[in-house]
Asker: 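Below is the structure I would like to discuss, written out as structure tokens.
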There are 2 protein chains.
Amino acid sequence: MTLQTPRRLKARTPLYHAGDPARDLVKLVSGVVMVFQIFEDGRRQVLDIVTAGELVHFQIEGELDHHAEALTDIEVISIPVSELTQNRAWTEFVFDQMRDRLDRERRHVALLGQKSAAERLAEFLFLLSDRLTTPLGDIELPMSRQEIADYTGLTIETVSRLFSRWLRERRLVATGRRTYRIAGCLAA
Amino acid sequence: MTLQTPRRLKARTPLYHAGDPARDLVKLVSGVVMVFQIFEDGRRQVLDIVTAGELVHFQIEGELDHHAEALTDIEVISIPVSELTQNRAWTEFVFDQMRDRLDRERRHVALLGQKSAAERLAEFLFLLSDRLTTPLGDIELPMSRQEIADYTGLTIETVSRLFSRWLRERRLVATGRRTYRIAGCLAA
DNA sequence: CGTTCTGTTGAATGTTTTCAACAGGGGTGG
DNA sequence: CCACCCCTGTTGAAAACATTCAACAGAACG
């Protein structure tokens, strides 16, 4: 576990792009990162939200196949591949991280494949409530409506309508500029 | 790399269920396996199709969180966890397998999140054409319409309609009972 | 203070689903 | 061997849901 000073990036700056050479692994020390893919026709799919302590990607050779962008101010450290194979603790850590990611992607597949718009958005908030909570227990949502739409496979209008309805019906309460609290059943 | 006689299972029999204890890893020696999840309300999401040479899951502790079923007659071998940590070659193999799976799940997310019904089914066939080809180059499709629907997040009727249309328009040709050849653009 | 970008809301449209009926194939038992 | 049955797959019509198009509101920025 080499000690190094983390690299700092400001909110809303790219961490890397698809096509960049994949050298070291990247560990997020603090902040939130969004991982996404862009298609030829401009459509975008948000693949995952990465939070402090997690690895951002798992590619150690070839080119990176996706983009990563800081949603908040972040700190990251690089992990050289050499560490990975030589240090047993790192190997286990990477293995665990991959399992977590596989698990999240699996849930993402289930969310997209089987759920209605309302269910998708509810599940999205629920998934994030585990990992993006403020000290007060609210959900910190550093994403735009468009980004939420691109995660849930919906349009920005559909997302906006659902938020409006849940806020109107007090099932969701805005506790700050970008923080929410789930106050009721979001199913319907 | 312990040599062991593989366990044989007949087509359409379960390999394991969600809730079973996760002990060893399972490597598929021959045949095709379908990995899926079932929800409380009966909805099913097919997560992945596993082909010869690949690992079926990556859980080494706790309970398995998904189901696996043989689509054809299969042969599997178990890999004890001890092998995994002690043998460098196995460790690398597992990492590679996890990366492949992450990659496929990522594409699955993109397929479900951003594509129309026709695009989903076309992409599904395209993804499988890499891994389920007969010696003649055709796609071997050991899945029912319902299973294809549960992979693509569509209904069985929508899948049926698209197959009918593509077969009628000769963009897809049935070369056998369950084998197809892509003969044109499936986009529309 | 104006401009621009993000978000909201309404109405019309379109795609996929739902509901329903029917066709076909494979297996079983007579 | 054939008839029957059950299960899978197909097709049509109606309905539901999310999207598209459009206009507007409001916040963030210089």
Side-chain angles (χ1 to χ4, degrees), chain A residues 10-13 34 39 41-46 69 71-72 111-125 141-169 171-174 176-180 186-188, chain B residues 10-12 34 39 41-46 69 71-72 111-125 141-169 171-172 174 176-180 186-188:
Chain A
K10 282 215 192 310
R12 295 292 156 187
T13 56
M34 173 177 72
F39 303 98
D41 57 6
R43 287 184 284 192
R44 175 177 64 172
Q45 177 65 50
V46 174
E69 180 181 317
L71 291 181
T72 64
L111 179 156
L112 293 169
Q114 301 295 327
K115 314 275 187 178
S116 67
E119 287 175 312
R120 286 190 204 185
L121 197 56
E123 177 106 355
F124 166 76
L125 290 173
L141 236 187
M143 298 168 74
S144 71
R145 290 283 185 267
Q146 186 61 60
E147 284 157 358
I148 297 172
D150 289 344
Y151 182 97
T152 54
L154 302 169
T155 58
I156 184 174
E157 293 97 330
T158 302
V159 172
S160 183
R161 274 183 251 270
L162 285 167
F163 265 92
S164 297
R165 199 172 81 208
W166 288 340
L167 289 168
R168 190 178 343 115
E169 295 170 354
R171 307 173 131 174
L172 199 63
V173 179
R177 183 70 195 78
R178 294 223 118 133
T179 59
Y180 296 91
L186 301 181
Chain B
K10 283 216 192 309
R12 295 291 152 186
M34 172 178 71
F39 304 99
D41 57 6
R43 284 184 285 192
R44 175 178 64 172
Q45 177 65 51
V46 174
E69 181 181 318
L71 290 181
T72 64
L111 180 155
L112 294 169
Q114 301 295 327
K115 314 274 187 179
S116 68
E119 286 174 314
R120 287 192 204 185
L121 197 57
E123 177 107 354
F124 165 76
L125 289 174
L141 234 187
M143 299 168 75
S144 71
R145 291 284 187 267
Q146 185 62 60
E147 285 156 357
I148 297 172
D150 289 344
Y151 182 97
T152 53
L154 302 169
T155 59
I156 183 174
E157 293 97 330
T158 302
V159 172
S160 183
R161 274 184 250 271
L162 285 166
F163 265 92
S164 297
R165 199 172 82 208
W166 287 340
L167 288 168
R168 190 176 346 112
E169 294 171 353
R171 308 173 128 170
L172 199 63
R177 183 75 195 74
R178 296 223 117 134
T179 58
Y180 297 91
L186 300 180

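Letters go in sequence order (proteins before strands), and every chain restarts at 1.
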Asker: Heavy atoms from C-beta onward define the side chain here; which of D:dG9, C:dT8, C:dT16 lies closest to that of B:Arg178?
Answerer: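 The nucleotide sitting nearest to the side chain is D:dG9.
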Asker: Does the cation-pi check pass for A:Lys115 over B:Phe39, that is, NZ or CZ under 6.0 Å from the six-membered ring centre and within 45° of its axis?
Answerer: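 Yes, A:Lys115 sits over the ring of B:Phe39.
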Asker: Hey, does B:Glu147 have a side-chain heavy atom less than 4.5 Å from the side chain of B:Ser144?
Answerer: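 Side-chain contact under 4.5 Å: yes.
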Asker: Can you name the nearest heavy-atom pair linking B:Thr155 to B:Ala149, along with the distance?
Answerer: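 Reported closest heavy-atom pair: C-CB, 3.7 Å.
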Asker: Check whether any side-chain N or O of B:Ser144 sits under 4.0 Å from OP1 or OP2 of D:dT8, and answer yes or no.
Answerer: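 B:Ser144 to D:dT8 OP1/OP2: no side-chain N or O under 4.0 Å.
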Asker: Could you report the tightest heavy-atom contact between A:Arg120 and A:Thr152, atom names first, then the distance?
Answerer: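 That closest heavy-atom pairing would be NH1-O, 2.8 Å.
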Asker: Verify, without hydrogens or angle tests, whether A:Thr158 (side chain) and A:Leu154 (backbone) share a donor-acceptor contact under 3.5 angstrom.
Answerer: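 Here the side-chain-to-backbone pair does not exist.
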Asker: Looking at every heavy atom in both A:Asp150 and A:Gln45, which two are closest together, and how far apart are they?
Answerer: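 Heavy atoms of A:Asp150 and A:Gln45 come nearest at O-NE2, 3.0 Å.
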Asker: Choose from C:dC19, D:dT10, C:dT9 the nucleotide whose nearest atom is closest to any side-chain atom of B:Ser160.
Answerer: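 So the nucleotide nearest the side chain must be D:dT10.
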Asker: Starting at atom CZ of B:Arg145, determine the distance to atom P of D:dT11, rounded to an integer number of angstrom.
Answerer: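 One finds 10 Å between P of D:dT11 and CZ of B:Arg145, rounded.
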Asker: Nearest-Å distance, CG (A:Leu162) to P (C:dG7)?
Answerer: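 Computing the A:Leu162:CG to C:dG7:P distance gives 15 Å.
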Asker: Can you sort out which residues in residues 149-156 of chain B have a heavy atom within less than 4.0 Å of DNA chain C? Ascending by number, please.
Answerer: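 The stretch gives B:Gly153, B:Leu154, B:Thr155 as the residues lying under 4.0 Å from the strand, ordered by number.
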Asker: Kindly say whether A:Arg43 contributes a backbone atom to a donor-acceptor pair with the side chain of B:Gln114 at under 3.5 angstrom?
Answerer: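 Checking the backbone N and O of A:Arg43 against the side chain of B:Gln114, no donor-acceptor pair under 3.5 Å is found.
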Asker: Among side-chain atoms of A:Glu119 and A:Ser116, is any donor-acceptor pair under 3.5 angstrom?
Answerer: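 Yes, A:Ser116 and A:Glu119 have a side-chain donor paired with an acceptor closer than 3.5 Å.
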Asker: Check this for me: does the side-chain of A:Arg161 come within 3.5 Å of the base of D:dT20 through a donor and an acceptor?
Answerer: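 By the distance-only test, yes, there is a pair.
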Asker: Does B:Arg178 form a side-chain contact (heavy atoms from CB on, under 4.5 Å) with B:Met143? I'd like the steps, not just the answer.
Answerer: CA-CA 8 Å; B:Arg178 296 223 117 134; B:Met143 299 168 75; over 6 Å; no
Asker: Starting from P on C:dT6, measure out to CG on A:Leu141 and report it in whole angstrom.
Answerer: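 After rounding, the gap between these two atoms is 17 Å.
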Asker: Let me know the distance between CD of A:Glu119 and C1' of D:dA18, rounded to the nearest Å.
Answerer: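 Those two atoms, CD and C1', are 14 Å apart.
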Asker: When all nucleic acid strands are considered with a 4.0 Å heavy-atom cut-off, which category describes B:Ser164: base, sugar-phosphate, or nothing?
Answerer: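 If one applies the 4.0 Å heavy-atom cut-off, B:Ser164 turns out to touch the sugar-phosphate alone, with no base involved.
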Asker: Atom NZ of B:Lys115 and atom P of D:dT19: how far apart are they, to the nearest Å?
Answerer: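 About 16 Å, once rounded to whole Å.
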Asker: Do A:Lys10 and A:Glu69 sit within salt-bridge range, that is, some charged N less than 4.0 Å from a carboxylate O?
Answerer: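 Here A:Lys10 does not pair with A:Glu69 in a salt bridge, since their nearest N and O are not under 4.0 Å apart.
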Asker: What's the CZ-P distance between B:Arg165 and D:dG12, to the nearest Å?
Answerer: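 Between P of D:dG12 and CZ of B:Arg165: 13 Å.
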Asker: Identify which nucleotide among D:dC21, C:dT16, D:dA18 has an atom closest to any side-chain atom of B:Ser116, counting heavy atoms from C-beta outward.
Answerer: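 Output: C:dT16.
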Asker: Going 5' to 3' through nucleotides 24-30 of chain D, assign each nucleotide B (protein heavy atom under 4.0 Å from a base atom), S (under 4.0 Å only from sugar-phosphate atoms) or - (no protein heavy atom that close).
Answerer: ---SS--
Asker: Has the side chain of A:Gln146 got a donor or acceptor atom sitting under 3.5 Å from an opposite partner on the base of C:dC5?
Answerer: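 Checked by distance alone, the answer is no.
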Asker: Rounded to the Å, how far apart are A:Gln114 CD and C:dT16 P?
Answerer: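 To the nearest whole Å, that distance equals 16 Å.
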Asker: Would you please confirm or rule out a distance under 4.0 Å between OP1 or OP2 of D:dA18 and any side-chain N or O of A:Thr158?
Answerer: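 So the side chain of A:Thr158 is outside the cut-off, no N or O lying under 4.0 Å from OP1 or OP2 of D:dA18.
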Asker: How long is the line joining CG of A:Leu167 and C1' of C:dT8, in whole Å?
Answerer: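 From A:Leu167 CG to C:dT8 C1': 12 Å.
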